Amino acid sequence: MSGTPGGGRVLSLDTLVRVQRGLSVSAGSRRLPLPVGMTAPLGCDAVAAPAEFGPLVLPRLPRVGCVYADEAHWWWLVPSDSDYALEWPAPAQYTAGAVVPDAPAVPGLIHKPDGTLPYTPPIPLYLALCRVTGTTPTWSRPVSA
């Protein structure tokens with residue numbers, strides 16, 4: 001970022017998007033916590049899927065990061081902005097900041113990877129979710145004129 005003649009700072013579009021995402025947390029929302037000893041150098045977002053899909057998705061992943069679960073959903077931590085140019089298949093939900101909207105409690109951690117990085121790689125997760133939901137990946141869909 002550089003200064004402007006008036007002394008203000010110029011913000012990039014990326015910075016403005018991150019600020020806007022940070023402001024969109026409702027009062028009843030909770031963030032998924034990182035386990036002790038883990039770091040998130042790329043930031044943290046989360047992808048949720050209905051709990052019945054969790055056991056179907058897990059074996060399809062080459063690496064599994066932190067996974068949280070409650071009665072209704074399983075949540076995978078992914079690097080921030082893993083929704084860029086991806087349309088996550090319904091009924092999956094993508095949440096910036098690893099926020100669990102309107103949760104009475106934080107879902108419990110059911111898987112912690114070895115090492116210090118909490119991430120599940122987003123592309124394999126996206127493809128696994130497409131597979132179990134019967135959704136064609138965005139880049140494989142026909143383009144209409």
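These figures come from a predicted structure and were not determined experimentally.
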Before you tell me yes or no, could you show the steps for W74 and V57 under side chain to side chain contact (heavy atoms under 4.5 Å, CB included), namely the whole-Å CA-CA distance, both residues' side-chain angles and the distance that decides it to 0.1 Å? CA-CA 10 Å; W74 282 30; V57 169; over 6 Å; no
Go through the steps to decide whether M38 and Y119 satisfy the test side chain to side chain contact (heavy atoms under 4.5 Å, CB included), and finish with yes or no. CA-CA 10 Å; M38 299 205 101; Y119 307 122; over 6 Å; no
Calculate, to the nearest 0.5 Å, the distance between atoms CG and CG belonging to D81 and D83 respectively. 6.5 Å
Once you measure the plane-to-plane angle for Y126 and W139, does it fall in the parallel (<30°), tilted (30-60°) or perpendicular (>60°) bin? tilted
Quick one: closest heavy-atom pair of V100 and W75, and the distance? CG1-CZ2, 3.6 Å
Rounding to 0.5 Å, atoms CG (L129) and CG (L86) come to a distance of 11.0 Å
Testing the basics here: between T136 and S140, what is the closest heavy-atom pair and its distance to 0.1 Å? CG2-CB, 3.7 Å
Which heavy atom in C130 sits nearest to a heavy atom in P89, and how many Å separate them? N-CG, 3.8 Å
Could you tell me which non-hydrogen atom of K112 sits nearest to which non-hydrogen atom of V36, and how far apart they are? NZ-O, 3.9 Å
Compare every heavy atom of V78 with every heavy atom of A46, then report the nearest pair and how far apart it is. N-CG2, 4.2 Å
Atom CH2 in W88, atom OG1 in T138: separation rounded to 0.5 Å? 10.0 Å
Might you confirm whether atom CZ of R131 has over 12 heavy atoms from other residues, nucleotides or ligands at distances under 6.0 Å? no
First locate atom OG1 of T135, then atom CG of L127, and finally report the distance between them rounded to the nearest 0.5 Å. 11.5 Å
Sidechain-backbone polar pair: Y68 side chain, L77 backbone, donor-acceptor under 3.5 Å: no
I would like to know whether S80 and D45 meet side chain to side chain contact (heavy atoms under 4.5 Å, CB included); could you show each step before the answer? CA-CA 5 Å; S80 290; D45 290 348; 3.7 Å; yes
